[in-house]
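Position 1 is the first residue of the sequence, and the numbers go up from there. The basis for the numbers below is simple: all heavy atoms, side chains too, and nothing from hydrogens, waters or symmetry mates. All values derive from a computational prediction rather than experimental measurement.
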Amino acid sequence: MKDRFKNLAATFSIFTDEFDLSLDQNLGSLDLSIQQGHINKQGLKEELDLALSDPKFEWLEFAKENRLIVIEIDNHTDESIKKYFKSLVWDYLFSDK
């Protein structure tokens, strides 16, 4: 799954709760990763759309694999991770709409 969602995986790792960074710091890191070509913004949008539209997408497992969450993992569900990640990146990714 990681290869199919490589931009999403890279973005999850930027927003890890392990480093306790602010949203602005994480978005700055995401912006820099896009500018440097480590993450393809259009590809990320497409992967996010694909994951959001797939009822079988395992958000919690994907978050664990890509270190979005490392603290209190048992307190999360697929739905909570999906909503949380969307709240982090949606405005940044789709501000041009």
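Looking at heavy atoms from C-beta onward, His76 lies out of side-chain contact with Lys64 at the 4.5 angstrom threshold. Looking at heavy atoms from C-beta onward, Asn66 lies out of side-chain contact with Phe15 at the 4.5 angstrom threshold.
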For Glu47 and Lys6, run side-chain contact (heavy atoms from CB on, under 4.5 Å): C-alpha distance rounded to whole Å, both residues' side-chain angles, the deciding distance at 0.1 Å, then the answer.
CA-CA 8 Å; Glu47 291 171 20; Lys6 64 181 180 182; 4.2 Å; yes
I'd like to know whether Leu68 forms a side-chain contact (heavy atoms from CB on, under 4.5 Å) with Asp17, so could you lay out the CA-CA distance, the side-chain angles of the two residues, the decisive distance to 0.1 Å, and finally the verdict.
CA-CA 6 Å; Leu68 175 67; Asp17 59 9; over 6 Å; no
Residues Leu23, Leu88; criterion side-chain contact (heavy atoms from CB on, under 4.5 Å); working and verdict:
CA-CA 7 Å; Leu23 178 58; Leu88 295 174; 3.8 Å; yes
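Surrounding CG of Asp54 are more than 12 heavy atoms belonging to other residues, nucleotides or ligands, all under 6.0 Å away.
The backbone N or O of Leu60 lies less than 3.5 Å from a partner atom in the side chain of Asp78, making a donor-acceptor pair. Between the side chain of Lys82 and the main chain of Trp59, no donor-acceptor pair closer than 3.5 Å is present. Looking at Asn40, its side chain does come within 3.5 Å of a backbone N or O of Gln42 through a donor-acceptor pair. Side-chain atoms of Asn7 do not come within 3.5 Å of backbone N or O of Ile39 as any donor-acceptor pair. A distance-only check finds a donor-acceptor pair linking the side chain of Gln25 to the backbone of Ser22 [under 3.5 Å]. Looking only at distances, a side-chain donor or acceptor of Ser33 sits under 3.5 Å from a matching main-chain atom of Ser29. Counting only distance, with no hydrogens or angles, the side chain of Ser87 and the backbone of Tyr84 share a donor-acceptor pair below 3.5 Å. Of the possible donor and acceptor atoms, none in the side chain of Asp31 sits under 3.5 Å from a partner among the backbone N and O of Leu27.
Taking the centre of each ring, Phe57 and Phe5 come in below the 6.0 Å mark.
Both Leu93 and Leu52 belong to a single network of hydrophobic side chains, linked directly or stepwise wherever heavy atoms of I, L, V, M, F, W or Y lie under 4.5 Å apart. In the hydrophobic clustering of ILVMFWY residues, with side-chain heavy atoms under 4.5 Å counting as a link, Leu32 and Val89 come out apart. Leu50 and Ile81 fall within a single hydrophobic cluster, where Ile, Leu, Val, Met, Phe, Trp and Tyr side chains are chained together by heavy-atom contacts under 4.5 Å. Connection of Ile69 to Ile71 is not established within any shared hydrophobic cluster, with ILVMFWY side chains joined at heavy-atom distances below 4.5 Å, either directly or through further cluster members. Taking hydrophobic clusters as Ile, Leu, Val, Met, Phe, Trp and Tyr residues chained together by side-chain heavy-atom distances below 4.5 Å, Phe19 does not share a cluster with Ile73.
The two residues Arg67 and Glu18 come nearest to each other via the heavy atoms NH2-OE2, 2.8 Å. Nearest heavy-atom pair across Tyr92 and Lys41 is O-NZ, 3.9 Å.
The aromatic rings of Phe85 and Phe12 lie tilted to each other, with the angle between the two planes from 30° to 60°.
Within the model, atoms CD1 of Ile14 and CG of Leu30 stand 5.0 Å from one another, a figure rounded to the nearest 0.5 Å.
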